[in-house]
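Residue numbers start from 1 in every chain, and the chains themselves are labelled A, B, ... in the order their sequence lines are given, proteins ahead of strands. These figures come from a predicted structure and were not determined experimentally.
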Amino acid sequence: MAEGNRESQEQSDESLSQEEQEIRARWEREQNQLKSKLIEYDTEDWQEDASFAGLQRIGGVDLSYIKGDDSTACASLVVLSYPDLEVLYEDCRMVSLTAPYVAGFLAFREVHSLVEAVETLQDKDPSLMPQVLLVDGNGVLHHRGFGVACHLGVLTGLPCIGIAKNLLQVSGLENDELHKEQIRSLQMGGDSFPLVESSGRVLGMALKSCEKSTKPVYVSVGHKMSLESAVRLIHCCCKYRVPEPIRQADIRSRAHIRQNFPHLS
DNA sequence: GCGACAG
DNA sequence: ATCTTGTCGC
């Protein structure tokens with residue numbers, strides 16, 4: 001019992017239990033193994049077309065949580081038509097989460113439920129399978145170059161794009177005064193600037209996703225799509241700041257929680 | 001002590 | 001992620 005108290009109260013790295021350290025080491029190995037299967041360029045014809053001709057379905061995924069409960073969530077997968085952005089398919093399900101949220105390892109908490117949702121769609125109605133999946137979180141803009149959008153992409157084989165609402169400050173990227181000035185310099189919807197890590201590699205783009213938004217979204221490659229195509233597509237599916245497929249997944253997963261837990265609203 | 005820390 | 005209402009502005 002003394003052990004349990006120590007673990008929950010101490011915060012410094014050296015106090016991490018041996019078990020926690022082993023989990024992280026295992027997760028890092030898993031990220032590195034899956035990373036060898038990552039494809040960071042356009043693989044589909046529609047991706048390089050000027051108007052995305054041939055693109056008909058875009059998927060969005062999200063998880064919503066219940067306050068005060070860290071093991072229950074609603075996972076949702078929606079499929080929207082392109083270019084009309086009408087909802088063609090919706091799947092919201094309550095799920096039990098086993099892994100905690102650890103910065104840098106979001107996929108280990110969320111990706112299992114999302115893969116299941118994709119498999120359900122494959123069984124139920126494969127003709128509605130999205131041609132690209134928009135993921136709430138980062139792709140290669142990540143400590144080890146393998147965020148949740150890459151993870152889901154490699155596991156499903158689907159082209160994926162990571163969209164984060166906040167800058168993950170990795171390898172030289174900082175939300176400092178220079179970054180804020182670059183944000184202020186964005187003029188019209190579609191304007192963007194590259195996020196360059198210390199080595200010089202471009203990890204993603206900050207994008208003013210719609211005309212009215214002050215704060216950009218952070219776009220990075222998930223799987224089977226180039227950064228250029230990804231940024232162009234994200235701009236094309238934003239009615240508001242958050243791309244419509246993710247926004248619909250978010251709205252609908254929250255509504256589903258209110259439906260199942262009315263006492264929380 | 002303070003900032004960071006995708007969701 | 002969530003805690004949280006109204007309010008100022010177009």
Exercise for the section: Would you kindly check if the NZ (Lys) or CZ (Arg) of A:R26 is within the cone defined by 45 degrees around the ring axis of A:F108 and under 6.0 Å from the six-membered ring centre? Expected result: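 No; the conditions do not both hold, so A:R26 does not lie above the ring face of A:F108.
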Using every non-hydrogen atom in the two residues, find where [X] and [Y] come nearest and quote the distance to one decimal.
X	Y	answer
A:P245	A:V78	O-CG2, 3.2 Å
A:A230	A:V219	CB-CG1, 4.2 Å
A:L158	A:P130	CD2-O, 3.5 Å
A:L85	A:C236	CD1-O, 4.3 Å

Could you check whether [X] gets within reach of a base, just the sugar-phosphate, or nothing at all, counting any heavy atom under 4.0 Å?
X	value
A:L141	nothing
A:N138	base
A:V102	nothing
A:G162	nothing

Problem - Ranges pairing with ranges for DNA chain C, where each run has three or more Watson-Crick or G-U pairs under 3.5 Å - result: none
Problem - A:R93-A:T120 side chain donor-acceptor pair, cut-off 3.5 Å - result: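 Yes, a side-chain donor-acceptor pair sits under 3.5 Å.
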Practice task
Tell me yes or no: between the side chains of A:S76 and A:D62, is some donor less than 3.5 Å from an acceptor?
Solution key: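 No, because no side-chain N or O of A:S76 sits under 3.5 Å from a partner of the opposite role on A:D62.
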Exercise for the section: Kindly work out whether a path of hydrophobic side-chain contacts (I/L/V/M/F/W/Y, heavy atoms less than 4.5 Å apart) joins A:L121 to A:L88. Expected result: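 Linked within one cluster.
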Handout entry: Dot-bracket pairing map - DNA chain B, Watson-Crick plus G-U, both contacts under 3.5 Å, | cross-strand
Key = .......
Handout entry: A:D136 vs A:K165, salt bridge (Lys or Arg N to Asp or Glu O under 4.0 Å): CA-CA, chis, key distance, verdict
Key = CA-CA 8 Å; A:D136 209 338; A:K165 295 183 282 295; 2.8 Å; yes
Problem - Pairwise C1' distance, B:dC5 and C:dT2 [rounded to whole Å] - result: 16 Å
Exercise for the section: Kindly state whether the ring of A:H143 and the ring of A:F105 have centres lying under 6.0 angstrom apart. Expected result: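 No, the ring of A:H143 stays outside the 6.0 Å limit from the ring of A:F105, centre to centre.
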Handout entry: chain A contact limits on DNA chain B, taken 5' to 3' with a cut-off of 4.0 angstrom to heavy atoms
Key = B:dA4 to B:dG7
Practice task
Between A:K212 and A:K165, just flag the one whose closest nucleotide in DNA chain C comes earlier from the 5' side.
Solution key: A:K165
Exercise for the section: Send over the distance from A:F105 CZ to C:dA1 P, rounded to a whole Å. Expected result: 21 Å
Practice task
Report yes if the side chains of A:W46 and A:L233 come closer than 4.5 Å at any heavy-atom pair, otherwise no.
Solution key: yes
